[in-house]
Amino acid sequence: MEITVTVNGKTHTRDVEPRKLLVDLLREDLNLTGTNIGCDTSQCGACTIHMDGMAVKSCTCLAVQADGASLTTIEGLADTSENDLHPMQQAFWDQHGLQCGYCTPGMIMSATKLVEGNPNISEEEIRHGLEGNICRCTGYQNIVKAVQQAAPEMVGGD
Amino acid sequence: MSKFMGQPIKRVEDPRFIQGQGKYVANIKLPDMAFAAVKRSPYAHATIDNIDASEALAMDGVLAVYTGQDIQGAGIGPIPCGFTPPDIKLPPWHALSVDKARHVGDAVAVVVAESAYIAYDALDAIEVDYTPLDAVVDAKKATEPGAPQVHEETPNNTSFHWPLGDSDAVKAALDASDHVVELDLINQRLIPNAMEPRACVADWSDAMDEMVVWTTSQNPHVIRLLMSAFTLQIPENKLRVISPDVGGGFGSKIFHYPEEIIVPFCSMQLKRPVKWVSSRSEAFLTDAHGRDHVTTAKLGVNNDGEFTAFHVQTWANMGAYLSAFAPMIPTALYITLFAGLYKTPLIFGESFGTMTNTTQVDAYRGAGRPEASYLLERIIDIAARDLNMDPIEIRRKNFIRKDEYPYQTPVALVYDSGDYDQLFDKAMEVAGYNDMLAARDAARAEGRLVGVGVSGCIEASGAGPSKVVTSLGAAVGLWEHGSVRVHPTGKISVMTGAHTHGQGHETTFAQIVAEELGVPIADIEIIHGDTAKTPFGLGTYASRSAAVGGSAILKSAIKVKEKMKAIAAYQLEAAVEDIVYDAETASMHVKGSPDNSKSFFEISFSALTHNMPDDMEPGLEEHTFFDPPNFTFPNSAHIAMIEIDKDTGEVSLLKYAAVDDVGNVINPMIVEGQLQGGIAQGVGQALLEHGQYDDDGQLLTGSFLDYAMPRADNLPMSNLGRIEIPSPSNPLGVKGAGEMGTIAGTPTVANAVMDALQPMGVRHVEIPHTPLAIHTAIQNAAAAAD
């Protein structure tokens, strides 16, 4: 099937098998390997991206379902005309919110949507909101702190 | 104050990870690359009667199917075991099994295709005829008469027996004690679950007879050695192993895995690059698991709380095959820790390593030391209850005192330093221990189930002194390499045999060099993870990277500094003793005349032109192979408070305080991160995680839907404190920081849960303390009270 997707502002048309996962389209066809795969049951959230303004797990979505959609991956999160890093990326760096870095792109993509419109998000809301993203390294403490740092700094969506 | 050492410097590796530019193995794409998928046994124990690949081979895009006969026919050897105590029985482990499948997930064939999707389609088309056999999954039941036999080579499914101490003397001391606390305890199986699944890419050059393998390893040099000397038998000079960014390890990526043999074999056969990436489902079935001990213990205690003797028997589940370091975990890394923080005069421990129809078990964060600490700290808590003593008081009664170092324990180790009284004083302060107890008692008065738990743990980390570990049975010494290369422009490359997969070496190792030489961190690169770029390395595990690898780097930096001073002395026409190295400005001057100086850059560049003494060797590059004289002994006092929901049995972790002595600290931000992450894994074992098999050997917890990983809402903010008693066993004075959180987290939280249930008369509940386990314990206690 032929599909057209806009990823990080760039439009791509590809012929894909109907069964192809969106994450494989991104990683294999478009070489956007920042989106990682951590499980096969839609539990870990490593593959989280934004699709038409929503955080979605791209391992649980077929590429054909993204036909016509606008996607943002970790590679396109920052508005590079203003700054190299999105406030959430900066906060993860500042707060030591990552160790091995594998869950990090998905964690950042989830977190940016979680805090949207909620600059005063509570610790409890953050912990509950990130339940769908598993990190094995950090114990989440510094991830929570990073989200707390970034939330008030973020204005608008991506 | 130090400019670099001890500073919370932000990690230099982070920009690539936060921007999605991590270089993980699964991201590698090579021209003409094919994809491998592994056919795995659905049975825990079965003979392999026939494999029919004809249908798979007929599919479009399928390149080849290989079985164990192909691998063995090519002369590829079995996967060796790297820790072999006396009289160990070693069953062979072939990359693809030929005769029998011995656990669910055991590899029996591999298919290579033009794409991963085709390879997985083809897996389903491979027909394997099995005859299922009875399976055994329990470490102790495996040794009973009539149990199914996993290997011919290990009668009674017993691979080894490892005793330490004088059993009769310990039994006599127990008989003479005022009290003997007896405890049967299970340390449940855990599944490590680094977030990056394992992956391997192999690229064979037929023209050059050379192989490059990218693999998700914590120790690429060790993997190359095992491939060269035992399995693939490609000589080291023709084999390059690269472990680029690796997404977490926790021990599970130390070992040489079947896929690291299968994938290179496929590449050699097809003369094309071949890639394999584990799914999470495969990871659950094939990554080495952790723990899984069945233990019986007796602790002798006198009326005043003094420990007299400790006697332990453990059946340690090795799984279906002996993984690289598996026999070391329940022996040299377990029994040797039975002294804990205490002066127990007589200790005996013995372990039986048993084979079962389960996934192989090997080191998982802490590796033997969490098992020892959980056992010891649980039984001490029960002793405190039996004697009606405060759990901290009974521990203090038995502490090794700060003026007693070096301290020879009855179980082989010589502790180098510590001050456990100070440690616990600080922990009680950080936790607000007395307030915690008051809050607990007030909650109890309201009828709530609230508990406070403590633990005091020690580990032997920084493995380790090569003569000691090889005398215990290790096939390798555990020294480390580190070198420092100063380029003509004054920039620095550091080569290390350690491997960072979350630990932050690119920052902390740079801090060591920056501190010594006074150069900015931005001028230093840390090179690791590639056998072509680093001379050798034993790798990263056992909290050894800073203590052993970091020390090697420090020694090389000091050598570089001495050579630069000698060059400066020559150029400034002064005696080398009169040259002052000013790390503040990274310059060298003649004592008493700061203007008579040479900058770091000037000396670096003049080393290129050989503006140095005639008898001096050119170049500015120094190497060190550091073998530590002893382990390091980080120690901890952790305190937790929990509440149990009476109706559901669910445990909520309310507070967690941790005070650790990890010696000198290079980067406190990173050390705290290591502790927080470690604590989460320790809490995971106490409350959530359990790798469970049914009696037929089917893994019941084979996905994140069934295996309860700690998630963000399972944990509170930890409150961390530190005391810093430098280790005398390495020039940095550091102790391991990577594993203590995990070691201490489990007994601390389990003791808190048991404290909450103590008023109901509950003595011990096996972990994990899931809602079901605790609800059942409450029901049983209520029934017993009626």
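In what follows, chains carry the letters A, B, and so on, assigned in the order in which the sequence lines appear, proteins first and then strands, with residues in each chain numbered from 1.
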Look at [X] together with [Y] and state whether they make a salt bridge at an N to O cut-off of under 4.0 Å.
X: B:Glu282; Y: B:Arg198; value: no
X: B:Arg16; Y: B:Asp245; value: yes
X: B:Glu114; Y: B:Lys275; value: no
X: A:Arg14; Y: A:Asp67; value: no
X: B:Arg11; Y: B:Glu506; value: no
X: A:Arg127; Y: A:Glu124; value: no

For [X], which atoms come within 4.5 Å of any heavy atom of chain B: side chain, backbone, both, or neither?
X: A:Thr138; result: backbone
X: A:Tyr102; result: both
X: A:Leu85; result: side chain
X: A:Asn36; result: side chain
X: A:Ile134; result: both

Quick one: are the ring centres of B:Tyr656 and B:His638 less than 6.0 Å apart?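 They qualify: ring centres under 6.0 Å apart.
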Quick one: are the ring centres of B:Phe17 and A:Phe92 less than 6.0 Å apart?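 So the answer is no for these two rings.
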For [X], is it the side chain, the backbone, both, or neither that has a heavy atom closer than 4.5 Å to a heavy atom of chain A?
X: B:Gln674; value: both
X: B:Phe250; value: side chain
X: B:Ser703; value: side chain
X: B:Tyr24; value: side chain
X: B:Leu715; value: both
X: B:Lys29; value: side chain
X: B:Ser278; value: neither
X: B:Pro716; value: backbone
X: B:Ile670; value: both
X: B:Ala26; value: both
X: B:Val683; value: neither

[X] and [Y]: side chain donor to acceptor below 3.5 Å:
X: B:Asp287; Y: B:Ser252; result: no
X: B:Gln511; Y: B:Asn667; result: yes
X: B:Ser281; Y: A:Asp40; result: yes

Count the heavy-atom pairs under 4.5 Å between each of [options] and chain B, then report the option with the highest count.
options: A:Lys145, A:Gln141, A:Met88; result: A:Gln141
options: A:Asp24, A:Thr35, A:Thr104, A:Ile37; result: A:Asp24
options: A:Gln90, A:Lys20, A:Gln95; result: A:Lys20
options: A:Glu123, A:Gln89, A:His96; result: A:His96
options: A:Leu98, A:Asn31, A:Ile143, A:Thr73; result: A:Leu98
options: A:Cys44, A:Cys135, A:Gly38, A:Gly97; result: A:Gly38

If we define contacts as heavy-atom pairs under 4.5 Å, which of [options] has the most with chain A?
options: B:Ala116, B:Pro197, B:Ala194; value: B:Pro197
options: B:Pro8, B:Gly673, B:Gly502, B:Ser115; value: B:Gly502
options: B:Gly249, B:Gly504, B:Ala680, B:Pro710; value: B:Pro710
options: B:Ser718, B:Gly22, B:Pro15, B:Ser279; value: B:Ser718
options: B:Ile679, B:Thr500, B:Val246, B:Asn193; value: B:Asn193

I'd like to know whether [atom1] of [X] has more than 12 heavy-atom contacts from other residues, nucleotides or ligands below 6.0 angstrom.
X: A:His12; atom1: NE2; result: yes
X: B:Lys10; atom1: NZ; result: yes
X: B:Met59; atom1: CE; result: yes

Would A:His50 and A:Thr112 satisfy side-chain hydrogen bond (donor to acceptor under 3.5 Å, both in side chains), going step by step from the backbone distance to the final call? CA-CA 10 Å; A:His50 299 170; A:Thr112 49; 3.1 Å; yes
As a quick check of understanding, evaluate side-chain hydrogen bond (donor to acceptor under 3.5 Å, both in side chains) for B:Arg365 and B:Gln685, giving each step before the final call. CA-CA 11 Å; B:Arg365 200 170 193 172; B:Gln685 178 167 23; over 6 Å; no
